[in-house]
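What follows is one structure encoded as structure tokens, with my remarks underneath.
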Amino acid sequence: MIPSSQKNKPITFLLWDTQKAASLAQASFVIRPEELTRNSPSRNNATQTLDGAWVDGQGEGLETLTLAGHTGWRGTKSMDGQELFQQLYKTVYKAWHLRRAESAKAGRDPDFIELIFADQLNNMAVVVSPDQFQLRRHKTRPLLSQFNISMTVLREASESALKQIDPITGAINNPRGRYKATQASMSGTIKEQQEWSIKVDSALGFSMSGVATDVLNASTELLTAVTEQVNAASGYIDATLAPLMYTAMSFEQSARNMFQIMAAPAGLATQLKGELMAIASTFNDAYCLLLNGYGMLSRFPDFSDLFGASTCSTTGGGRPVSPRAGENPFLAMYPLENSPV
């Protein structure tokens with residue numbers, strides 16, 4: 001059985017004012033938590049007797065949720081991993097306590113302030129209270145801000161609050177909304193590549209710098225052409241535009257691999273290695289934008305499952321492991337015929 005895809009199933013915290021039906025703060029996980037535990041206890045009292053045992057069942061107990069993970073290092077286009085951690089901390093812990101205190105001082109019921117945990121992957125949206133927010137740093141992962149969040153589940157979230165979260169997930173699922181977001185991100189990627197082409201000679205400082213500059217310039221021209229053509233086609237990819245899209249994706253993959261190989265030698269200076277990996281990362285961003293942004297508008301059959309898990313899962317467009325992993329799929333499509341040779 002092919003496992004269900006985890007594409008477009010975000011995990012989000014929402015600080016919600018039920019009286020005003022307004023969102024106060026929000027934090028979404030760019031990287032999914034490494035651990036998520038939901039404990040569902042029962043309020044049972046067992047009594048043992050000589051003749052056996054009986055249980056006094058008093059219904060369900062309060063559930064608890066525990067999250068553990070990190071917010072990454074590079075983050076997103078707008079915030080790095082440290083800023084994402086601060087946003088998470090302020091939304092889940094600081095803002096929840098502050099808003100409830102302000103509500104009580106104003107003579108309002110502090111319970112009007114709710115912290116909602118919405119997890120589409122595990123199909124739950126619940127009102128929680130933060131019991132503990134822990135920052136963890138370790139020498140094995142010195143660049144990452146790790147978190148450990150413990151919460152008590154109070155009740156299911158209200159429909160009015162869930163409607164506030166829906167436009168965010170809808171923007172991911174809606175092709176037109178995703179198209180606009182891709183256009184904005186693509187403009188940023190093109191600008192980054194133009195800046196790298198100016199700095200690449202001083203950054204590299206060896207004979208490959210001329211080739212590297214040519215690749216960056218060619219990528220910028222190709223991405224600009226794709227953006228113009230997609231705009232002219234009103235966002236729809238047809239049989240005429242598809243070859244350009246696939247050519248651009250192949251070019252971005254090749255350029256990414258080129259700079260990763262250039263950064264591979266062990267004797268390379270650390271600063272130079274970092275510059276090369278940063279350039280490779282911009283090519284990977286461009287590839288993922290082409291694949292997961294514009295690709296959602298494609299009307300062609302999707303055979304991506306045949307190739308297995310992708311490298312673009314962090315952009316919301318990953319795919320599960322291929323059901324044909326470990327075997328040659330071409331033998332199934334073109335079985336060998338008996339031959340005397």
Side-chain angles (χ1 to χ4, degrees), residues 8-33 36 38-40 59-67 69 71 75-135 145 147-178 180-181 184-185 316:
N8 300 334
K9 293 184 179 180
I11 300 177
T12 304
F13 278 107
L14 176 69
L15 194 63
W16 178 255
D17 190 327
T18 58
Q19 188 181 39
K20 299 179 181 180
S23 172
L24 304 177
Q26 183 166 322
S28 299
F29 288 98
V30 177
I31 300 176
R32 296 187 187 279
L36 189 155
R38 182 171 181 174
N39 186 30
S40 303
E60 300 177 355
L62 286 176
E63 297 180 314
T64 57
L65 270 171
T66 303
L67 303 179
T71 52
T76 64
K77 291 283 185 182
S78 57
M79 291 188 290
D80 60 20
Q82 185 62 30
E83 291 173 321
L84 289 172
F85 182 88
Q86 292 299 323
Q87 181 191 49
L88 179 65
Y89 170 67
K90 290 177 181 179
T91 301
V92 175
Y93 185 78
K94 296 294 288 186
W96 185 80
H97 286 287
L98 178 62
R99 293 288 187 170
R100 286 176 63 87
E102 291 176 347
S103 183
K105 288 180 181 179
R108 300 171 63 229
D109 187 349
D111 285 341
F112 285 142
I113 307 300
E114 295 182 347
L115 180 64
I116 298 174
F117 176 73
D119 180 0
Q120 289 197 6
L121 178 60
N122 297 297
N123 194 27
M124 60 175 158
V126 291
V127 178
V128 299
S129 64
D131 299 328
Q132 182 180 20
F133 192 106
Q134 183 182 41
L135 164 65
S145 295
F147 59 82
N148 196 315
I149 307 173
S150 301
M151 301 168 289
T152 299
V153 178
L154 304 178
R155 58 186 175 276
E156 297 295 323
S158 62
E159 290 294 330
S160 59
L162 294 180
K163 289 179 181 179
Q164 177 69 18
I165 304 177
D166 284 343
I168 297 167
T169 58
I172 297 175
N173 293 307
N174 181 4
R176 296 302 302 170
R178 186 61 181 268
K180 292 179 181 178
S185 298

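The basis for the numbers below is simple: all heavy atoms, side chains too, and nothing from hydrogens, waters or symmetry mates.
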Please check this pair: side chain of Ser28 against backbone of Thr12, looking for a donor-acceptor N/O pair closer than 3.5 Å.
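No, Ser28 side chain to Thr12 backbone: no donor-acceptor pair under 3.5 Å.
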Counting distance only, does the side-chain N/O of Ser150 pair as donor-acceptor with the main-chain N or O of Thr66 below 3.5 Å?
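No, Ser150 side chain to Thr66 backbone: no donor-acceptor pair under 3.5 Å.
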By the salt bridge (Lys or Arg N to Asp or Glu O under 4.0 Å) test, which pairs, at least two apart or in different chains, include something from residues 80-89?
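The answer is none; no pair qualifies.
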Does anything in residues 17-29 form a salt bridge (Lys or Arg N to Asp or Glu O under 4.0 Å)? List the pairs, not counting sequence neighbours.
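Output for this query lists Asp17-Arg108.
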Kindly compute the distance separating [atom1] ([X]) from [atom2] ([Y]), expressed to the nearest 0.5 Å.
X	Y	atom1	atom2	answer
Asn39	Thr152	CG	OG1	10.5 Å
Asp131	Thr64	CG	OG1	8.5 Å
Leu14	Glu114	CG	CD	9.5 Å

Return yes when atom CG of Asn122 has more than 12 non-hydrogen atoms of other residues, nucleotides or ligands closer than 6.0 Å, and no otherwise.
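Count over threshold, so yes.
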Does atom CD of Gln132 have more than 12 heavy-atom neighbours from other groups under 6.0 Å away?
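Enclosed.
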Specify the closest pair of heavy atoms between [X] and [Y], including all atoms of both residues, with the distance to one decimal.
X	Y	result
Arg155	Asp111	NH2-O, 4.4 Å
Ala27	Leu88	CB-CA, 4.1 Å
Ile113	Leu24	CD1-CD1, 3.9 Å

Is the centre of the Phe85 ring less than 6.0 Å from the centre of the Phe133 ring?
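Ring centroids of Phe85 and Phe133 are less than 6.0 Å from each other.
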For a quick test of your reading: what N or O donor-acceptor pairs under 3.5 Å do the side chains of residues 90-98 make, sequence neighbours left out?
{"residue": "Thr91", "atom": "OG1", "partner": "Gln87", "partner atom": "O", "Å": "2.9"}

Got [X] and [Y] here, is their nearest side-chain heavy-atom distance under 4.5 Å?
X	Y	result
Leu36	Asp119	yes
Arg38	Phe117	no
Leu135	Tyr89	no
Leu65	Val126	yes
Gln19	Asp109	no

